[in-house]
Participant: 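Let me begin by handing over the structure; questions about it come next.
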2 protein chains.
Amino acid sequence: MTVTLADVAARAQVSPATVSRVLNGNYPVAASTRERVLRAVDELDYVLNGPASSLAAATSDLVGILVNDIADPFFGIMASAIQAEIGGTGGGRAGGERLAVVCNTGGSPERELTYLTLLQRQRAAAVVLTGGAVEDAPHAAAVAAKLRKLTEAGTRVVLCGRPQAAGTGAVALTFDNRGGARRLTEHLLGLGHRRLGYIAGPEERTTTRHRLEGHREALAAAGVEEDPRWTVYGHYDRRSGYEATLELLRREPGLTGIVAANDSVALGACAALRESGLRIPEDVSVAGFDDLPFSIDAVPSLTTVRLPLADAGARAGRIAMGREEPPPGDIATVRGELMVRGSSGTPRA
Amino acid sequence: MTVTLADVAARAQVSPATVSRVLNGNYPVAASTRERVLRAVDELDYVLNGPASSLAAATSDLVGILVNDIADPFFGIMASAIQAEIGGTGGGRAGGERLAVVCNTGGSPERELTYLTLLQRQRAAAVVLTGGAVEDAPHAAAVAAKLRKLTEAGTRVVLCGRPQAAGTGAVALTFDNRGGARRLTEHLLGLGHRRLGYIAGPEERTTTRHRLEGHREALAAAGVEEDPRWTVYGHYDRRSGYEATLELLRREPGLTGIVAANDSVALGACAALRESGLRIPEDVSVAGFDDLPFSIDAVPSLTTVRLPLADAGARAGRIAMGREEPPPGDIATVRGELMVRGSSGTPRA
DNA sequence: CTGTTAGCGCCTTCAG
DNA sequence: CTGAAGGCGCTAACAG
């Protein structure tokens with residue numbers, strides 16, 4: 001029915017072992033033999049049986065990339081860069097190619113674990129986890145245990161934009177969310193703002209916490225009193241920014257600036273301000289985080305912190321493939337760059 | 001070293017076959033036995049060997065989703081909906097779960113074929129291809145051949161937002177790009193526009209062609225003469241819209257409207273217009289396509305055609321899982337809805 | 001309901 | 001450089 005390696009061998013008049021060797025290219029094979037085999041492969045339209053090959057070799061060519069939200073370009077950009085480093089290589093015929101594959105957890109801890117188990121089951125060659133982690137203790141422990149098991153089984157684990165999971169054998173490229181947030185708020189304070197609203201992400205995420213901490217560091221350093229009612233938690237999406245902004249305005253109409261957990265949230269905030277008849281930045285300044293492509297097209301364009309998502313992703317991909325040395329101590333911090341644009345200005349009198 | 005099914009069987013004092021049966025849940029097993037086995041699984045921290053299981057069963061639990069650009073929310077939204085229908089089910093312990101996985105072709109025909117081969121090699125249970133196809137004849141034939149082979153091997157193939165590939169056994173949910181584009185241009189013509197620039201996507205894509213054809217149908221039906229110099233080809237991104245708009249303004253400063261291949265392109269167009277000192281829509285109207293989440297936040301908000309990406313993706317996912325009947329004739333057309341917003345208005349005198 | 005028996009298709013020592 | 005042989009871990013008939 002389906003053509004197997006043995007069929008190819010028969011047609012090329014060699015042993016199955018030889019066919020395997022030319023396909024994997026790990027062993028010396030005479031050029032003429034190789035050519036004969038390759039011809040037979042083409043003629044028979046042979047496709048290697050992945051499961052069989054993985055079973056026998058005890059490894060697979062699958063690489064998993066976990067993202068929290070595949071519809072969010074923040075993850076899309078990273079995933080794209082990672083995949084380009086992994087799946088883009090080779091282009092060869094039967095062997096060599098890796099199947100780089102992205103899995104969408106939707107931010108759900110259960111699905112995260114499920115995907116990790118599924119990848120473990122497939123004996124994935126590597127796994128890259130992107131974006132913030134959930135801080136719930138039992139879940140964090142479960143993930144850490146899973147990661148340890150993966151690395152022990154020879155799967156390379158890389159964290160990209162995520163804090164190191166100590167003792168798991170993973171390599172981490174973490175984003176300096178705290179520092180970026182601090183510089184951003186410093187910028188606003190420098191302009192003269194003193195009443196700043198903060199729209200945070202989901203409460204239990206590392207990214208959320210670190211950005212908020214950076215914001216508060218800046219406030220504390222400047223000796224600015226902070227009203228706890230000026231911080232609202234939500235999600236990393238536009239709608240959350242919209243609703244949170246209306247809520248903040250209700251609580252404190254005198255706010256002169258709004259710092260958002262990310263750019264999408266900031267866009268929603270802008271919409272809410274506009275609908276409330278407030279001008280940006282004359283009445284209220286707005287700032288985002290990430291510098292996604294659409295942020296420069298906002299009107300006015302968005303002051304934000306640029307994270308080198310594509311660079312970090314590419315590096316994570318290379319490390320996952322063993323084509324780049326992991327950083328010393330298996331951890332590197334990636335800084336963000338403050339982008340001052342039209343959405344931030346001096347506060348109104 | 002690694003714990004196998006046999007280990008579990010030994011510990012639970014049953015045969016390997018029984019363990020397999022409780023894990024797959026396809027066979028009657030006494031409740032007490034099942035429990036014993038499950039306990040052994042937990043105690044041993046056993047994880048099924050995917051390749052071995054796929055080899056023996058001649059099927060795998062892998063489902064591939066191909067996208068042209070994972071960093072583009074157009075694809076992200078569809079992929080997310082598809083994956084939710086496929087990977088979200090079950091949540092059970094060892095068995096049942098499917099590994100829904102997205103592959104980024106980056107719009108490259110070679111990578112598309114590579115990924116299809118890789119999925120074929122893994123004996124994927126289903127494959128969903130999203131978005132426009134490349135019209136290059138040899139490549140289209142190669143893809144069709146590959147799809148036919150996949151369906152023949154029992155892999156379910158679903159096309160989502162992509163024209164049917166005749167004779168391949170695939171199920172297609174196509175978007176009515178032509179009709180949507182026609183209604184959009186009709187709207188602009190109805191406002192009084194007669195000099196409309198068009199910024200198309202890459203020339204060899206079906207989506208590009210269909211949207212452009214719809215635009216031209218509307219022009220022809222209204223008896224509006226069309227200058228070929230008012231159409232510019234580019235890519236489906238912001239930058240392309242920016243540059244193409246500058247080019248169009250150079251060629252014809254008297255344009256009163258710009259129709260863009262999609263929303264990202266439209267945003268770039270808006271930026272270029274603004275920098276050129278033109279107001280939207282007073283001086284120039286702008287229209288996009290897709291109605292991505294950010295489009296409503298543009299200033300002014302974007303007139304566009306909404307495609308039900310999430311609905312279509314969910315349906316494609318269900319069909320891929322065999323949980324929904326394919327449409328009659330294995331093909332269904334999904335309409336877009338015209339969204340009239342602030343970026344389109346009556347042309348200047 | 002459960003155990004026994006054969007492979008699934010390939011890789012990888014071992015010889016030659 | 002190439003062939004022969006064994007087994008990777010699991011599932012799927014068969015019997016019981």
Participant: Can you tell me if A/T33 touches the phosphate of D/dT2, counting only side-chain N or O atoms and a distance under 4.0 Å to OP1 or OP2?
Facilitator: yes
Participant: Applying side chain to side chain donor-acceptor pair (under 3.5 Å), name anything that partners A/K149, two or more places apart in sequence or on another chain.
Facilitator: B/D45
Participant: Could you write nucleotides 7-14 of chain C as a row of B, S and -, 5' to 3', where a protein heavy atom under 4.0 Å of any base atom gives B, of only sugar-phosphate atoms gives S, and otherwise -?
Facilitator: BBBBSBB-
Participant: Distance-only check: which donor-acceptor pairs under 3.5 Å involve side-chain atoms of residues 126-139 of chain B, not counting sequence neighbours?
Facilitator:
from   : atom 1 : to     : atom 2 : distance (Å)
B/T130 : OG1    : B/L66  : O      : 2.7
B/E135 : OE1    : B/R209 : NE     : 2.7
B/E135 : OE2    : B/R209 : NE     : 3.2
B/E135 : OE2    : B/R209 : NH2    : 2.7
B/D136 : OD2    : B/H139 : N      : 3.2
B/H139 : NE2    : B/P109 : O      : 3.2
B/H139 : NE2    : B/E112 : OE1    : 3.4

Participant: Would you mind reading off the distance between B/Q13 atom CD and C/dT2 atom C1', rounded to a whole angstrom?
Facilitator: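 For the pair B/Q13 CD and C/dT2 C1', the rounded distance is 14 Å.
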Participant: Can you give the donor-acceptor pairs under 3.5 Å from side chains of residues 46-54 of chain A to other protein atoms, not counting sequence neighbours?
Facilitator:
from  : atom 1 : to    : atom 2 : distance (Å)
A/N49 : OD1    : A/A52 : N      : 3.0
A/S54 : OG     : A/G50 : O      : 3.0
A/S54 : OG     : A/T59 : O      : 3.4

Participant: Only counting residues at least two apart or in another chain, list the ones meeting side chain to side chain donor-acceptor pair (under 3.5 Å) with A/E43.
Facilitator: A/R11
Participant: Under 3.5 Å, side-chain donor or acceptor atoms of residues 311-320 of chain A against the rest of the protein: list the pairs with distances, not counting sequence neighbours.
Facilitator:
from   : atom 1 : to     : atom 2 : distance (Å)
A/R315 : NE     : A/E324 : OE2    : 3.0
A/R318 : NH1    : A/E324 : OE1    : 2.2

